[in-house]
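Read through the structure below, which is laid out as structure tokens, and then see the notes.
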Amino acid sequence: MSRARILSTARLNSIIAVHLRHGHLIDAVELFRDNPHHLDIKSWNLMLSGYARSGCIECAQKLFDEMPHKDVVSWNTMMAGFKRAGDSLNVFRHFLEMVRSGLRPTGSTLATVIPASVPSSAMLSQFHAFAIRMAFASNTFVGTALIGGYASLKDPTSFRRVFDEIRVKNLVSWTALIIGYMELGSVVEARQAFKTMPERNVVAWTAMINGYIDNDNLDDAKRCFDQMPEKNVLAWTSMIKGYERGGQFAEALNLFIEIHRCCSIKPNQFTYSATLIVCARCCSFVAGQSVHALLLKSGLPFDMILSSSLVDMYGKCGDIDSAVQVFESMKVHNLVSWNSMIGCYARHGFSQRALEGFERMKEEGVQPDHVTFICILTACVHGGLVKEGERYFQSMQREFKIEPRMEHYGCMVDLLGRAGQLNEAEKLIKGMPLEPDMVIWGALIGACRLHSSLEYGLSAVQAVQRLDKDHPAIYSMMLRVHDDRGNWKRVDELKEIMEKVSVRRKQQGTSWVESPLIVQR
DNA sequence: ATAGGGTTAG
């Protein structure tokens, strides 16, 4: 077709814009490529932003390099693309190059560069000074970006001043102020701002809900949620996550069910993944399976996060086969999905399969992180694989340059202790660069209990008493050791002390008996 | 034509 010859540049650009707005990138590219003589700088910039928004920053970069003339908008668009991709380094590189080429930054430039400059306080001051000099500081967009910058530097005085200097404040600037206060735990100021703002939309309400939740104020979050005039999926999802965070799993699941009762709202990937985490945390296999079924029925595409949540949910709920099935159905695996899978094997005592998973992960080119090694070391503990565990612990530091955390030391103490190498375990604890916590000493005490060692046990007890007097593990260990040695007198004495100080009972382990909750539609 | 506020896994 020769529609190319009929189109004017303005018409061409508006059609390209429509294609891009509807996500029809390929149609836009085709029009763009078919009409080389009708393009102006707007057409190029449109395509740049189309690529950048679709997430293909490489394509945008290629086009950018091809451009005969670049204006401020082209540079701004590239910087925005890099910012989306989380590539701050390239945001700055392009910023500098733009300035060097003689172009003057605009408000859009600053609004893009400022969020990418945190958490460097020096850079933020520079940009702020520049904004003042160029009379951009009263610009709504620039001001809002500055609020976010000062909020992440935990400087409420500065972001309040920036806010006051914005000439035209709108919903977005007010919301940024609220979020700033909430991030710093200044709930009162946030609430004040919320009351003062001239109008409120769903986003502002949701910011309040999230703020309350982050500040562990579930009651106010729920009150806010109930009061908001209209709710969208984000508000519902935030509330589910809030209950999950507060350990109120039944409430979280009930909310999820309620969404299905109001017809106007469809749960999205975020909602499903939040709900699956709830199922995983309360080990409710029935709920998890129902959510999985609803997810399949919803027709939502499975992304990495959703699939990983499913693997983790099945893993935590004890259905290893389903975890494997979901995992193997994924086209690509990443760090988190591998960690979920390896963690599942490790937790259920399939040490060998966990270690095989680790090998496969490396073959697929996925770099392990500290969580991977917690899983691997846990697998070694469950399998009694002392030599292997020590080797992984070494390679974690030497080969992968991962600094061991408390959990890793905990695994190692557990591993050595269970194997009866109490001396080694104690040596490891004494050599730790971190202050050993209850878990570490608990692992050693557990091992002393297992191997009836009063010698190592007593020094551990002393350490624990410095942290937490009367921890139940102490008595349990001492009782067992004296009991083993037939030291009945000491046993009686201990029991008497326990009565007197009424030692907290060890928390009961619970099996995952299903909650009566059944998700229905 | 570019820019600012709310949610994704262990």
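Chain A is the first sequence line, chain B the second, and so forth, proteins listed ahead of strands; every chain is numbered from 1. For the numbers below, each heavy atom of this structure counts, side chains included, while hydrogens, waters and symmetry mates do not.
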Name the closest nucleotide to the [X] side chain, picking from [options].
X	options	result
A:Lys83	B:dT2, B:dA9, B:dG4	B:dG4
A:Asn210	B:dT7, B:dG5, B:dT2	B:dT7
A:Leu46	B:dA9, B:dG6, B:dA1	B:dA1
A:Val202	B:dA3, B:dG4, B:dG6	B:dG6
A:Asn201	B:dT2, B:dA1, B:dG5	B:dG5
A:Asn268	B:dG4, B:dA9, B:dT7	B:dT7
A:Val172	B:dA9, B:dT7, B:dG4	B:dG4
A:Ser273	B:dA9, B:dG5, B:dA1	B:dA9
A:Asn232	B:dT2, B:dG5, B:dG6	B:dG6
A:Leu171	B:dG5, B:dG4, B:dT7	B:dG5

Across the strands shown, which category fits [X] at heavy-atom distances under 4.0 angstrom: base, sugar-phosphate, nothing?
X	result
A:Asn139	nothing
A:Ile342	nothing
A:Ala207	nothing
A:Asp40	nothing
A:Arg347	nothing
A:Ser309	sugar-phosphate
A:Leu234	base
A:Asp369	base

- prompt: So do the side chains of A:Leu306 and A:Tyr272 get within less than 4.5 Å of each other, counting heavy atoms only?
  reply: yes
For [X] and [N], what is the distance between atoms [atom1] and [atom2] respectively, to the nearest whole Å?
X	N	atom1	atom2	answer
A:Met361	B:dA9	CE	C1'	14 Å
A:His94	B:dA3	NE2	P	16 Å
A:Asp312	B:dA9	CG	P	11 Å
A:Leu306	B:dT7	CG	C1'	13 Å
A:Met47	B:dT2	CE	P	13 Å
A:Phe159	B:dG5	CZ	P	15 Å
A:Ile178	B:dG6	CD1	C1'	11 Å
A:His69	B:dA1	NE2	P	21 Å

Where does the angle between the aromatic ring planes of [X] and [Y] fall among parallel (under 30°), tilted (30 to 60°) and perpendicular (over 60°)?
X	Y	value
A:His94	A:Phe64	tilted
A:His22	A:His24	parallel
A:Phe400	A:Phe373	tilted

task: Would you state whether a donor and an acceptor, one from the side chain of A:Asn13 and one from the base of B:dA1, lie under 3.5 Å apart?
output: no
- request: Ignoring backbone atoms, test whether A:Arg281 places a side-chain nitrogen or oxygen under 4.0 Å from the OP1 or OP2 oxygen of B:dA9.
  value: no
query: Looking just at side-chain N and O atoms, do A:Asp220 and A:Asn215 make a donor-acceptor pair shorter than 3.5 Å?
result: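 Not at all, the side chains of A:Asp220 and A:Asn215 share no donor-acceptor pair under 3.5 Å.
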- prompt: Is the number of heavy atoms from other residues, nucleotides or ligands under 6.0 Å of A:Ile26 CD1 greater than 12?
  reply: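 For A:Ile26, atom CD1 is not crowded (no more than 12 foreign heavy atoms under 6.0 Å).
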message: Check this for me: A:Leu96, atom CG, are more than 12 non-hydrogen atoms of other residues, nucleotides or ligands nearer than 6.0 Å?
response: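 For A:Leu96, atom CG is crowded (more than 12 foreign heavy atoms under 6.0 Å).
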